[in-house]
Protein chains: 2
Amino acid sequence: MKRVSQAKRKTIYDLAALAGTSASAVSAVLNGNWKKRRISSQLAEKIIRIADEQGYALNMQASVLRRDRSNIIGMIVPKYDNRYFGSIVERFEAMARERGLFPIITCTRRDPDLEIEAARAMLSYQVDCVIATGATDPDRITDLCAAAGVRTINLDLPGSHAPSVISDNFQGALELTRRVLANCERELGQNVPLMFVGGRGTDHNTSERVRGFRTAHHEIGITPEEDLILACGYAPEKAEQSLKVLAEKRGALPHGMFVNSTISLEGVIRWIRRSGHYSERKPQIGCFDFDPFVALLGENIEMVRQDVPKMLDAVFDIIDNRNPEQKLVEIMPIVETMA
Amino acid sequence: MKRVSQAKRKTIYDLAALAGTSASAVSAVLNGNWKKRRISSQLAEKIIRIADEQGYALNMQASVLRRDRSNIIGMIVPKYDNRYFGSIVERFEAMARERGLFPIITCTRRDPDLEIEAARAMLSYQVDCVIATGATDPDRITDLCAAAGVRTINLDLPGSHAPSVISDNFQGALELTRRVLANCERELGQNVPLMFVGGRGTDHNTSERVRGFRTAHHEIGITPEEDLILACGYAPEKAEQSLKVLAEKRGALPHGMFVNSTISLEGVIRWIRRSGHYSERKPQIGCFDFDPFVALLGENIEMVRQDVPKMLDAVFDIIDNRNPEQKLVEIMPIVETMA
DNA sequence: AATTGTTGCTTCATCGATTGAGCAAGCCCG
DNA sequence: CGGGCTTGCTCAATCGATGAAGCAACAATT
């Protein structure tokens, strides 16, 4: 992996020698503030032409070392296995680049230690700012970064030590639950309590969604059953296993359910297929999160799609300091209408 | 975004002052070669303790600037909107980190100019190596990097100027087509030609898959129809539109089809739903690529899953120089068996 | 006692880009 | 013609980490 010696990288000193000028003139021209440094436009043009011919590429390590801002921005993300995080990352990258920032992204697979290790690595690379997305322990990341004078912003899951941008989980869950309840009522002719599957009971999003879930039940005068709330984690296998256990315990399961993520839904649908539990009548499902294939799975599934563009707009509002002192921004998710 | 002044970052000079020693001793201790530089273990322990207490983080920009290798490894990836690229990125990150490399990843949305811009940015950050995944113009990336003395490896789509790791598209497509043809025969009692939907006719993967598609037809003594091969691009809308046009032109469409990616499949399924074309009898589908929700979509869909772990093993074999002079590595995809 | 070897450090140049300070040449004005 | 101003550059210190070279102190050997 050693660099081939003949392909030595060009530096501003090489360009300076070729142009018969000094390195500082080259530097000034190439980073665009040659006007301020009173370099003549003839020399500027000449330097730019030579840099072009030589295929010069700035050495960012040297540049960042010297400057006080790196223009590097880090994002920590739990997984790449669903559309939600995929679109967050894709849009984040694009928006960062638009602003002349260089994004570095690390996937930490919901592992708290990896999150910290990733944050530490980012600090070593002199990031100006870290976005902690869906972090299991956002405040620990914030504290670590704060000690190095680096700002953080929480996305998807809130923390209390840094500004946070999240979905309006309560309103989203309320609306989603209402719809599933209504679909059940339409089919069964009566109101019945739903099941809640997936997520961690300890995380803010899940507890807010459970609150919305409960409120929707109360609105129509029924009480949600506590042992139907299965906050069993996000993994498909966990959801599958919980349903299995519950079915063994109770016999018949509720006709409708609220599923807390597409990734949990994967386990739910698989269990439904395998167990044959709902073979007579398909259950009514509401899924908090969107996936285009789920939309094609059947008409019995309602989804809300978290509003990634708005969420990232809010994140960059904070970064660009357009949103001075707001601690928590909640973005209403989009209710998908069945085509 | 300016660094808060009181939270000035600690450097090895600060640690040296605190330990009453020199910066070079601190450096030697912290990067682990203090044995070689004959630092006593007492001093080493003391320095490590102080670094710990002070929350010291190495300045990578300075470190990389000084060393001849950066241990930074770049990956260019087209999209995050499917499981295939998602798992490539996730696994790549993990494997890179295992080897002490720092991964930087850029999503270029199948835009050739962005690909080049991304490669240039990576060169500025002194990457040791670039993996070009599914690049539209891999050789241009290779040439640009080669000029800076940086190796590249192509993944998913091959190039001719650098080693490439791809799926065995021909064998995979052959096997997939065989299965769909057999499923059709079982249902219809006779052999019928299939449709091919999605991908770009100009890319190597698509043309190899078409070759496998044709070969499977010939094996059972039938001829694939040329106007049933719709290499219309990868976007869902393109697939949808192509099917619409074809249906208008021909009336009935074939009972079976080969779909070139999950992302094209999205458009195919949507069109099937909307048009009602296959309302009497579901079509037999084979999809080159895997998505867990597609697996749940119905029993009429066969999939092959590209073997991401093996592909990345091959990539790192090349990086670690265990695979000296092989130009093209083809990895057989996994035929998913319907549960 | 003189030489050689070993241990445990320190000194200093260096990587490439940035930028404050400085300087020479030309111009203008009284 | 001398002083001040502008233009168009160059010089040199600096960012933080690294490692070759060097040096002092002591031990071992002849």
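Reminder, nothing fancy here: chain letters follow the sequence lines and each chain counts from 1.
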Just the rounded figure in Å: distance from C1' of dC9(D) to CD1 of I47(A). 10 Å
Residues from residues 12-31 of chain B lying under 4.0 Å of DNA chain C - heavy atoms: T21(B), S22(B), S24(B), A25(B)
Tell me if the NZ atom of K35(A) is crowded by more than 12 foreign heavy atoms within 6.0 Å. no
Taking the side chain as everything from C-beta on, heavy atoms only, tell me whether Y125(B) gets closer than 4.5 Å to I72(A). yes
Is the positively charged end of R110(B) above the ring of Y234(B), judged by distance under 6.0 angstrom from the centroid and angle within 45° of the axis? yes
Candidates dG16(D), dT19(C), dG8(C) - which lies nearest the side chain of T11(B): dG16(D)
Judged by nearest nucleotide, the residue sitting upstream toward the 5' end of DNA chain C, R37(B) or R66(A), is R37(B)
Test side-chain hydrogen bond (donor to acceptor under 3.5 Å, both in side chains) on D14(B) and Y56(B); report intermediate values, then the result. CA-CA 10 Å; D14(B) 301 326; Y56(B) 170 78; over 6 Å; no
Would you kindly give the CG-to-C1' distance between N33(A) and dT18(C), to the nearest whole Å? 9 Å
Please report the shortest heavy-atom distance between V26(A) and I12(A), naming the atom on each side. CG1-CG2, 3.7 Å
Salt bridge flag under 4.0 Å for residues R99(B) and D320(B): yes
Residues of residues 48-61 of chain B with a heavy atom under 4.0 Å from any atom of DNA chain C, listed by number, are none
Rounded to the nearest 0.5 Å, what's the gap from CD1 on I47(B) to CG on L18(B)? Could you check? 11.0 Å
Whole-Å gap separating C1' (dA21(C)) and CZ (R38(A)): 11 Å
Check whether more than 12 heavy atoms from other residues, nucleotides or ligands sit under 6.0 Å from atom CD of E53(A), and answer yes or no. yes
Report the distance from atom NZ of K36(A) to atom P of dC9(D), rounded to the nearest whole Å. 17 Å
Nearest-Å distance for atom pair CZ/C1', residues R9(B) and dT14(D): 18 Å
Rounding to a whole Å, what distance do you find between L43(B):CG and dG8(C):P? 10 Å
D203(B)/R200(B) salt bridge by N-O under 4.0 Å criterion: yes
Roughly, in whole Å, what's the span from CH2 in W34(A) to C1' in dT10(D)? 18 Å
Between S63(B) and dG16(D), does any side-chain N or O lie under 4.0 Å from OP1 or OP2? no
Would you mind reading off the distance between R67(A) atom CZ and dT18(C) atom P, rounded to a whole angstrom? 7 Å
More than 12 heavy atoms of other groups within 6.0 Å of R120(A) CZ: no
Just to verify, which of T142(B), T133(B), I131(B), L328(B) counts as forming a side-chain contact (heavy atoms from CB on, under 4.5 Å) with N154(B)? T142(B)
Overall bend of the helix from dA1(C)-dT30(D) to dG30(C)-dC1(D) (five pairs an end, 10° steps) is 60°
